[in-house]
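Within every chain, numbering begins at 1; the chains are lettered A, B, ... in the order of the sequence lines, protein sequences first and strands thereafter. Computation of the quantities below employed the complete heavy-atom set of this structure, encompassing side-chain atoms and omitting hydrogens, waters and symmetry-equivalent molecules. What you are looking at is a predicted structure, and each value in this text was computed from that prediction instead of being measured.
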Amino acid sequence: MNTRIALAAATLFSLVACQTTSTSTPASVAPAVAAPPTAAATAAPPPIWQQGRTPDQGTSKLAPHAGRMTATPVSEIPLSNFKLPPGFKAEVWATGMPGVRSMARGDSGKIYIGTRGIGRVYEVTDTGAQRTNRVVVDKLVQPAGVAVRNGSLYVVSIDKALRYDGIEQNPTVAPVDMTAAFALPKEQHHNWKYIAFGPDNKLYVPFGAPCNICETPSGEYAQIRRYNADGSGMEVIARGVRNTQGFAWHPTTKEMWFTDHGRDWMGDNEPEDELNRMSKTGANYGFPYCHANGIPDKDIKKANPCDGVTMPVTTMGPHTAVMGVHFYTGTMFPAEYRNVMFVARKGSWNRTQKSGYDVVTVRTDAEGKNAKVEPFMTGFLDASNDAFSGRPTYMLQLPDGSLLVSDEQLGAIYRITYAR
Amino acid sequence: MRVECIARSLAGWATASALLLLSGAPSAQQQPAPAAVPICNACHGPAGNSQIPLTPSIAGQPKLFVENQLVLIREGLRDVPQMKEIVAGMSDETIIALAQHFASQTPVLKAGAANLEKARPGAATASARLCGTCHLSDYSGQKQVPRIAGQDETYLVHSMKQFRDNPGPGRDTIMSAALYGLSDVDLINLAHYLATFKP
């Protein structure tokens, strides 16, 4: 540390001036404010964040929660708060990686992890006794999407699609830039990605609605697409999807199940977030006219707004921010968890009393109906003072059947194990 | 101004060096922030209260705001050439300690009464654009949102023009949207209102 400070001091000699600094708040964590009344008068395009907020909500202090961009020491991770069903145990598996979200495992066991605001992709190496991590790439614009296929790491940020071939063996491999092939649209809002390869070896990529609520500005948004791994052969396979941040394929039916975030500023209790099932491609999931299990939008109206809309398997609670999903296929957990879906709910901001902040299980009948949502991992939220300590976002199953859970707020990964 | 700034920098360096010499390695490791603070103050002013036009005050800024900005500048996501070398390789622990330090400093309002011909329309703009929703009604900021009450007036104009005119990657889209369509005069009046704001 001495050396660092001395170096920092020495650099002042090379400073030519101290007159100017630039911006203030970071793009990824800033809250929403209401519409400037003069916007219409100046013929401004409506700012993406303001749609749907009513005048009586103008004094609301609800705003997206700030993320943390610095490493959280292990001593500040409240592991003892977590509650799990009997026999399950959580441990802190890896730390010191601000903003961790979705995880992908390489063939040799390295774990790759995407982030948003901090612009990094991490790699975790498990030596058995401990985990070490390094930054694979940084300075990207919200590189939330990571996937591994045939030894290659795929990273999709808002504006780039990159492939790192053989990265587990060659840590310094230069990326192949596939951005042009993927034709990523320009709007940023809700266009940070979750990505995954399907059973058809295609890469599935969502394109969120670039607003809270709006008619999408072009046909490029509010949809899920799939591509060949090189970005060719693009197909739009679902429309009316506001903002999905997680999907997985059922182990036996091979159907894709995906989460979708409901809109904001329509009250504390509606519309709820969704868990959807894609039993055919080309379906419409309702945005912007029809939300949740058939709630018409209050701002973007049309006759019979829910006609032809595929309803969710189940709603997932209001504003809970449903993130990653995972069908459990391991043998470590009891048999009743086989093929059960785990859903991480990152937790609400647009709600007077916080909701979500947990990992739940979803069980359905063989037809994918009669869903039952039950808490699995709780304790991220302290109901006594409505304060959260962490925000679970994604799961990854390890070969031994244990389950990793990423905590975006604390930059930590927990490992869930079961023993009789 | 430039001469003054460099002089301050050198003074800061000398102070920091002296602290390092006096404190020795162990305590410097335990408390890196106080040793680095004079370097910050060299440009940002005594206790982080700016004396230099176009340089922001950092006294009393929310801790998370300072943390985020130092990380963003270190990571190259926010381009501030004057800061780049200083924060290169800075550890998260140092950033947190610096943020804690400046968050706990008292912001000193600059002398001088508001010119009501500017402050009144500025207040109207602040009200219309709902600045207080995020920056709070006393504009003291919260969490990741900065204090703008008592901020350097020229810096406020500069920063708001950047938000208004250069939206794009790495820029705060919410601020860009909040300032959309405001004229230079609007921004100048708004900056004056905020810089001279007294709770």
Side-chain angles (χ1 to χ4, degrees), chain A residues 1-2 4-27 29-39 42-45 47-50 58-61 63 65-71 96 98 117-120 138-139 141 158-159 188-189, chain B residues 1-2 5-6 9-10 12-13 16-17 20 25 28-29 32 35-36 39 42-43 52 54-56 64 67-68 71-72 75-80 82-83 85-86 89-92 94-96 128-130 133-134 143-146 158-159 162-163 169-175 177-178 180-181:
Chain A
M1 199 58 67
N2 267 352
R4 239 177 224 155
I5 291 161
L7 282 174
T11 57
L12 284 169
F13 286 113
S14 63
L15 280 182
V16 288
C18 307
Q19 68 270 49
T20 307
T21 67
S22 60
T23 171
S24 53
T25 49
V29 291
V33 295
T38 53
T42 56
I48 52 172
W49 40 268
Q50 67 139 352
T59 56
S60 169
K61 297 298 180 196
H65 305 302
R68 177 166 176 171
M69 302 187 91
T70 52
I118 203 163
R120 297 171 176 170
D138 60 6
K139 300 180 176 55
V141 181
I158 288 177
D159 60 351
Q188 296 202 354
H189 193 67
Chain B
M1 199 57 65
R2 184 170 290 187
C5 182
I6 289 174
S9 301
L10 293 175
W13 179 85
S17 304
L20 286 175
Q29 276 175 355
I39 300 165
C43 290
I52 305 174
L54 288 173
T55 300
L64 186 60
E67 282 181 14
N68 283 356
V71 171
L72 289 169
E75 301 290 315
L77 299 171
R78 178 184 161 189
D79 185 25
V80 185
Q82 297 86 350
M83 292 283 294
E85 293 294 318
I86 294 171
M90 186 178 275
S91 71
D92 282 3
T94 301
I95 283 174
I96 292 167
R129 296 297 171 117
L130 299 167
T133 299
C134 296
K143 296 176 182 168
Q144 80 276 30
V145 182
H158 166 79
S159 185
Q162 283 198 327
F163 282 124
R171 307 296 305 172
D172 186 332
T173 55
I174 288 177
M175 275 303 298
Y180 187 92

With a 4.5 Å limit on heavy-atom distance, are the side chains of Pro98(A) and Val71(B) in contact?
no
Distance col, row Ile96(B):CD1 vs Thr70(A):OG1, nearest 0.5 angstrom, shows 3.5 Å
From Met69(A) atom CE to Gln144(B) atom CD, the distance as rounded to the nearest 0.5 Å:
11.0 Å
Checking the side chain of Lys139(A) only, and the main-chain atoms of Glu75(B) only, is there a donor and an acceptor separated by less than 3.5 Å?
yes
From His65(A) NE2 over to Leu64(B) CG, what is the distance, rounded to the nearest 0.5 angstrom?
13.0 Å
